[in-house]
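Proteins come first, then strands; the chains are lettered A, B, ... in the order of their sequence lines, and each starts at number 1.
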There are 2 protein chains.
Amino acid sequence: MAGTEKRGSLIRAADSLFHRNGFEHTSIADIAAAARVPLGNVYYYFKTRGELVRSVTDHRLASVRARRAEWDALASPRDRLLAYVKSFENRIDEFTAHGCPAGGLCLEANKVGGPIARDAASVFRESLQWLGTQFRAMGLSDRQARANAAQILSGRQGSVLLANTFKDPKFIRLEIARLKKWLGDMPAGNERK
Amino acid sequence: MAGTEKRGSLIRAADSLFHRNGFEHTSIADIAAAARVPLGNVYYYFKTRGELVRSVTDHRLASVRARRAEWDALASPRDRLLAYVKSFENRIDEFTAHGCPAGGLCLEANKVGGPIARDAASVFRESLQWLGTQFRAMGLSDRQARANAAQILSGRQGSVLLANTFKDPKFIRLEIARLKKWLGDMPAGNERK
DNA sequence: GTCTATAGGCAGATAGAC
DNA sequence: GTCTATCTGCCTATAGAC
C-alpha cells in the first residue's frame with residue numbers, strides 16, 4: 001500500500017466512522033484500527049486530529065460537488081431537481097440507519113464551535129445555492145427561489161432526523177413523495193436553459 | 001440550599017449545558033461548576049453520569065407535557081395548533097443560537113446509541129401523537145393526520161438546524177409563515193370539539 | 001516512511017475525613 | 001449530607017528505534 005493510499009484510507013475510514021458514530025465520539029485509535037494503520041502512523045499523515053477532520057470535510061465537499069456536476073449536465077432545471085430527489089431516494093436506508101452525514105456534522109459542529117463549524121456549514125451553503133439556481137432557472141423570483149431552496153433542504157434534514165430517530169424510512173418516503181408531487185405540479189413555464 | 005434543591009439545580013445546569021454545548025461535550029465537572037456544587041457531591045445525587053442524563057430527559061419530557069396540557073385547555077384543534085406555532089415563534093432566538101434541545105439530543109443519542117436513544121425519541125414520539133390528535137379532531141383521516149404531524153415536526157427540526165447552522169433566524173421564520181398560512185387555509189369543517 | 005512505547009491531560013467514578 | 005483527594009482508564013500527541 002503506497003503512502004498516499006494510506007492517507008486516503010484513513011480519510012475514508014474517518015468519514016465512515018464520523019457518519020456512523022459521530023465526530024466527537026470517534027477517536028484516532030478507532031480510525032486507525034478501521035483503516036488498519038498503527039496508531040502512531042496516523043500522525044505522519046495528519047499533524048493533529050483537527051487536520052484529519054478538516055480533510056474529511058474537504059473530501060465530503062468534493063464528493064457532493066462531483067454529484068452536482070453530473071446533475072448540471074442535465075437539460076432542464078426540473079430534470080436536475082428530479083435527479084437531486086432521486087439521489088436522496090437512493091440513500092434512504094443509509095440515512096435511516098445513520099442520519100445525514102452533512103446534517104450530523106453541522107449539528108455536532110454547532111455545539112463544539114470552532115473552525116469545524118464553518119466547514120460543516122459550507123455543504124449546506126452550496127446546496128442552498130444550487131437549489132436556488134434551479135428555481136431561478138424555472139422562472140421564479142430570487143426571493144421565491146431562495147424560499148423553495150430552504151424548504152427543500154430543511155424538509156430533507158428534518159425527515160432524515162425523524163427517520164433516523166425512529167429507525168423508520170417512512171418519514172423520508174413521505175418527504176420524497178411530497179417533493180415529487182410538488183415538482184410535478186410546478187408550472188414549467190418561463191424556463192430558461 | 002436544601003438537599004432536594006441541590007439535585008434540582010444540578011439537573012437544570014445539566015439541561016442548559018446539554019442544550020448549549022451538547023451532551024457528549026459536557027463533563028460532570030462542567031455541570032458541577034455551573035450548579036456550584038463540588039464535583040464529588042454530584043455522585044451523592046446521581047450514581048452515574050447516565051443517571052443524571054436520564055434525569056435531564058425526564059425533566060424535559062415533563063416540561064413539554066406541561067406545555068401541551070395548557071394547549072389542550074383551548075377550545076378548538078386549530079387554536080391548539082396555533083398555540084403550538086406561537087410557542088415555536090417565541091423561541092426563535094434560542095433555537096437559532098443553540099438549536100432545538102430535543103432535536104440535538106436525538107441526533108447525539110442516535111450516534112452513541114444505548115438507552116439514551118430511546119429516552120430522546122420519546123419527546124418526538126409524544127409530539128407526533130399530539131399533533132396527529134389535533135388533525136384527526138379537525139376531521140382528517142388517520143393517514144392524513146399522521147402525515148401532517150410528521151411534516152410539521154420534520155419541518156420544524158429542519159428549519160431549526162438550518163437557522164442554527166447559519167445563525168440566521170430567517171429559516172425558522174419562513175417555516176412559521178408557511179405553517180400559519182397552511183393552518184389558515186385548511187378547511188375548518190368537520191371539527192369535533 | 002513505519003511502528004512501538006509512552007508521556008501528559010482530562011474524564012468518570014470512588015474513598016474516606018468531616 | 002458534604003467535600004477533598006485520588007484512582008483508573010482513555011484520549012491526543014510525541015519520542016525515538018527500525
Q: Given that A:Asp30 and B:Tyr44 both sit by DNA chain D, which one's nearest nucleotide is further toward the 5' end?
A: B:Tyr44

Q: Looking at C:dG12, D:dA13, C:dT2, which one has an atom nearest to any side-chain atom of A:Leu39?
A: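 The nucleotide sitting nearest to the side chain is D:dA13.
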
Q: Take the protein atom NE2 of B:His25 and the nucleotide atom P of C:dG12, then report the distance between them rounded to whole Å.
A: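 Going from B:His25 (NE2) to C:dG12 (P), I get 11 Å.
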
Q: To the side chain of B:Asn41, which of C:dT4, C:dG1, D:dC3 is closest?
A: D:dC3

Q: Check whether any side-chain heavy atom of A:Gln144 sits under 4.5 Å from a side-chain heavy atom of A:Phe135, and report yes or no.
A: no

Q: Choosing from D:dT2, C:dA13, C:dT2, which nucleotide comes nearest the side chain of B:Thr48?
A: C:dA13

Q: I need the CD1-C1' distance between A:Ile28 and D:dT12, as an integer number of Å.
A: 7 Å

Q: Of all the choices, C:dG12, D:dC3, D:dA13, which nucleotide is nearest to the side chain of A:Tyr43 once you look at every atom?
A: D:dA13

Q: For the pair made of CZ in A:Phe46 and P in D:dT14, what is the distance, rounded to whole Å?
A: 15 Å

Q: Tell me the interatomic distance from B:Glu5, atom CD, to D:dT2, atom C1', rounded to whole angstroms.
A: 16 Å

Q: Please pick, from D:dT12, D:dG1, C:dA13, the nucleotide with the shortest atom-to-atom distance to any side-chain atom of A:Arg49.
A: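 Nearest to the side-chain atoms of A:Arg49, counting from C-beta on, is D:dT12.
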
Q: Check whether A:Arg78 reaches the backbone of A:Leu183 with its side chain - one donor and one acceptor, N or O, closer than 3.5 Å.
A: yes

Q: Would you mind reading off the distance between A:Arg36 atom CZ and C:dC3 atom P, rounded to a whole angstrom?
A: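 Between P of C:dC3 and CZ of A:Arg36: 13 Å.
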
Q: For A:Asp79 and A:Trp71, test the side chains for any donor-to-acceptor distance below 3.5 angstrom and give the result as yes or no.
A: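 Distance-only check fails for A:Asp79 and A:Trp71.
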
Q: Tell me: CZ of A:Arg7 to C1' of C:dT2, nearest whole Å?
A: 17 Å

Q: Using whole Å, what does the distance between atom P of nucleotide D:dT12 and atom CD of A:Glu24 come to?
A: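 Taking CD of A:Glu24 and P of D:dT12, I get 10 Å after rounding.
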
Q: Can you tell me the distance, in whole Å, between the OH atom of B:Tyr45 and the C1' atom of D:dT2?
A: 8 Å

Q: Are side-chain heavy atoms of B:Leu162 and B:Glu175 found at a separation under 4.5 Å?
A: no

Q: Tell me whether the rings of B:Phe95 and B:His19 are parallel (<30°), tilted (30 to 60°) or perpendicular (>60°).
A: perpendicular

Q: Counting only side-chain N and O atoms of A:Lys47, is one of them less than 4.0 Å from OP1 or OP2 of D:dT14?
A: no

